[in-house]
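What follows is a short report on a single structure.
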Amino acid sequence: MSKANFTTRRSFVLGCAAMMPVLTQGLSRTHSVDRPASLDQETVALTTPTAGLVRFPTGFRWGSSSSATQTQGATPADNWWGWEQAGKAPASGDGSGFDDRYAADFALLADWGFGDYRLSLDWARLEPQPGRHDARAIEQYRQILQAGRQSGLSMWVCLLHTALPKWFAADGGFLAPSARTVWARHVDFIGETFGDLTDGWMPVNNPFSYALKGYLAGTFPPGHTSREEFRTVLQAIHQADFEAALRLRQGGQPTATNESLAVLHPADDSAAAAAATADLDAAVWDSWLSLARMTRYESAFDLYGFSYYYAPAITAEGKIIPYPAGEPVGPQGYVVWPEGLGQVLTRLRTELPGKRYLVAEIGYGGDDDTQRIAYLTAALRQVADALTDGMDIAGVHLWTAVDNYEWLDGFSVPFGLFDRNRQPRPSATAIQALMRA
C-alpha cells in the first residue's frame, strides 16, 4: 500500500463520522476552563529564547515513553505483523533498533537527566502459543529491565500497547468469552516474572484509542467498523486495565492509568453539535471515570495518567475535525495545541479531585525541531501552572526519546528528542536544561 493510502487511513480516524452515538445518549455537561495562576512556589527554572520562564518543583519526575512494537518491531507471533504483511501498515523492521542498543540508550537517557522509562513487554513474544512461554523472550526482557535499573532509571512496565498475540486475536481478543480469564492469567504471569525488576505498572496503554482504531475506525487490527463492538471492547479493555492494576499493585509497586484524553469542542453553536460532542465525551471520559468512582476500583491506581496530543472539534454530524479552526494541521492530521493540555488537567482535577496525576505521554511529531521546542515548552508551562494551582502532578513522560516506528506513518513522522542514530536534536538539549536546572 502506498504512503498516500496510509495517510488516507490515518485521516479517517480524525474524520470518523461513525463516532456518534457511542456510549451514552443525550449526555451533555459544561466544563469551564480557567487559566492557571502564575507560579509562586520553590522551583527550578528554564528560560528559552522562544518561550520565557518555565518552572517546576524539585523532585518532579521526568521520563520517556516507548512501546515494544515501535522500538523492537513487530513479531510474526502478533497481529500487527499480519497487518503489515497484508499491506495495511508500513513495515516496522527492527523499530528503533532498541534490541541491540537498549543498554546504551538507558545510559544515554540517565546521563541526560531522565529518571523514568516506560516500556511495554510484548505479550506475543512472551507467550507465542497459549500457555507456552518463551524462555528466551523472558530472559531478554529481564535483561532489559535490569539494564535500565543499573543505569539509574525507574522502569515502568506496560502490559498491552496495541499488538496482541495472534492466538488471542484469533479467538476474538477482548470480545472473546474467555478474555477475562486469559488476561488475568497473563497479568499474574507478568507480575510474578518481572515484578522484582519493575518500579511501576501502567497496565494498558490508551484504552479508548485501542477500541476506536480497531473496532470503530478500522485502521488498526482487526479492522472492524462496528459501533456495538466498539462499545463492548471499550468497556472490556477499561475493565481489564483496572483489574490488572488491582492484581499488580499487590506487589507494592505504584500503578498508573494512561488514558487518551482531550477536551472536546462543538464545531459550531448548534444543538446538534453540542449533543454529538456530549456523546463522544462519554466515550472519552465517562467510560473509565465510572470505574474509577466504583468502590471496587477506588484504590486500583496510585496515579491517574493520560496521553494528550490534540483537542478535536465535533460537528453536528459527529465528524471529528481539527481544532482550533484555521490553525496549521500537522502531518498526522491534527492541530498541535498546547493549551488543550491545560484544559485536560483542569477537567481531570474537577472529575477526580484530591488524586495524584501523571502526564504519561506528550510529544511532537514532525521534522521541525524549532516547533517541537516551542510546543513542548508551552505544553510544559501548562503543567507548571497546574502545579502552582495546587494540582498534585508526579511528573511528565515524553514521547519519545529516540525516533521509532509510528504505526501507519512508519518512520516518516519523527517524535524523538534523539534521531535513530542517537544524535540529540536541539529539543533534547532544551529538555535537558529544564531537567537539570
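This chain uses plain numbering: 1 for the first residue, then up along the sequence.
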Geometric class of the Y334/Y310 ring pair [parallel <30°, tilted 30-60°, perpendicular >60°]:
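If you compare the ring of Y310 with that of Y334, the planes turn out parallel.
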What class does the angle between the rings of Y323 and H265 fall in, given that below 30° is parallel, 30 to 60° is tilted and above 60° is perpendicular?
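Answer is parallel, since the angle falls under 30°.
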Closest contact, heavy atoms only, [X] versus [Y]:
X: Y210; Y: V233; value: CE2-CG1, 3.9 Å
X: P338; Y: V336; value: CD-O, 3.8 Å
X: A300; Y: A245; value: O-CB, 3.4 Å
X: L417; Y: A428; value: O-CB, 3.4 Å
X: I373; Y: A430; value: CG2-CB, 4.3 Å
X: A256; Y: W156; value: CB-CZ3, 3.8 Å

Please report the interatomic distance [atom1]([X]) to [atom2]([Y]), rounded to the nearest 0.5 Å.
X: I237; Y: Q235; atom1: CD1; atom2: CD; result: 12.0 Å
X: F60; Y: T58; atom1: CZ; atom2: OG1; result: 11.5 Å
X: K166; Y: W81; atom1: NZ; atom2: CH2; result: 9.5 Å
X: F98; Y: F106; atom1: CZ; atom2: CZ; result: 3.5 Å
X: L160; Y: L121; atom1: CG; atom2: CG; result: 11.5 Å
X: T71; Y: H161; atom1: OG1; atom2: NE2; result: 9.5 Å

With side chain to side chain donor-acceptor pair (under 3.5 Å) as the test, would you mind laying out the steps for Q343 and E339 before giving the verdict?
CA-CA 7 Å; Q343 292 187 353; E339 288 80 0; over 6 Å; no
Donor-acceptor pair, distance only, cut-off 3.5 Å: does the side chain of [X] make one with the backbone of [Y]?
X: T69; Y: A74; answer: no
X: D409; Y: V413; answer: no
X: S92; Y: Y405; answer: no
X: W80; Y: P76; answer: no
X: N421; Y: Q423; answer: no
X: D78; Y: L164; answer: no
X: Y308; Y: L345; answer: no
X: D419; Y: R422; answer: yes
X: N258; Y: S307; answer: yes
X: D369; Y: R372; answer: no

So do the side chains of [X] and [Y] get within less than 4.5 Å of each other, counting heavy atoms only?
X: E259; Y: H238; value: yes
X: R101; Y: S96; value: no
X: L408; Y: F220; value: yes
X: L341; Y: I362; value: yes
X: F56; Y: L387; value: yes
X: L234; Y: S287; value: yes
X: I138; Y: F194; value: yes
X: I190; Y: W201; value: yes

Do NZ/NE/NH1/NH2 and the carboxylate oxygens of [X] and [Y] come within less than 4.0 Å?
X: D302; Y: R249; answer: yes
X: R420; Y: D403; answer: no
X: R142; Y: D196; answer: yes
X: R425; Y: D367; answer: no
X: D188; Y: R247; answer: yes
X: R185; Y: E127; answer: yes

Regarding [X] and [Y], do their side chains bring together a donor and an acceptor under 3.5 Å, going by distance alone?
X: N205; Y: R118; answer: yes
X: Q140; Y: R125; answer: no
X: E406; Y: W399; answer: yes
X: W337; Y: Y309; answer: no
X: S67; Y: Q70; answer: yes
X: D94; Y: Q72; answer: no
X: E243; Y: Y297; answer: yes

Using side-chain contact (heavy atoms from CB on, under 4.5 Å), reason through V157 and L145 one step at a time and then give a plain yes or no.
CA-CA 9 Å; V157 169; L145 293 170; 3.9 Å; yes
Run the side-chain contact (heavy atoms from CB on, under 4.5 Å) test against D368 and tell me which residues pass, sequence neighbours left out.
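Per chain and number, D368 pairs via side-chain contact (heavy atoms from CB on, under 4.5 Å) with Y364, T370, Q371.
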Yes or no on ring pair (Phe, Tyr, Trp, His ring centres under 6.0 Å) for W123 and W183, after CA distance, side-chain angles and deciding distance?
CA-CA 10 Å; W123 185 358; W183 173 248; 5.8 Å; yes
When the aromatic ring centroids of W288 and F208 are compared, is their separation below 6.0 Å?
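Ring-ring flag for W288/F208: false, centres at least 6.0 Å apart.
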Please evaluate residues F242 and R296 with respect to the criterion side-chain contact (heavy atoms from CB on, under 4.5 Å), reporting the C-alpha separation (whole Å), side-chain torsions for both, the decisive distance (0.1 Å), and the verdict.
CA-CA 9 Å; F242 277 77; R296 175 173 176 78; over 6 Å; no
Step by step, would you call Y117 with S66 a side chain to side chain donor-acceptor pair (under 3.5 Å)?
CA-CA 8 Å; Y117 188 86; S66 68; 2.9 Å; yes
Verdict with supporting geometry, F418 and W112, ring pair (Phe, Tyr, Trp, His ring centres under 6.0 Å)
CA-CA 11 Å; F418 300 82; W112 210 260; 5.1 Å; yes
From CA spacing to verdict: side-chain contact (heavy atoms from CB on, under 4.5 Å), V182, F168
CA-CA 9 Å; V182 173; F168 183 64; 3.9 Å; yes
Walk me through it: do H224 and E229 pass the test side chain to side chain donor-acceptor pair (under 3.5 Å)?
CA-CA 8 Å; H224 295 180; E229 286 188 352; 2.6 Å; yes
Could you check W285 against R347 for side-chain contact (heavy atoms from CB on, under 4.5 Å), going step by step and ending with a plain yes or no?
CA-CA 10 Å; W285 288 87; R347 169 86 181 262; 3.3 Å; yes
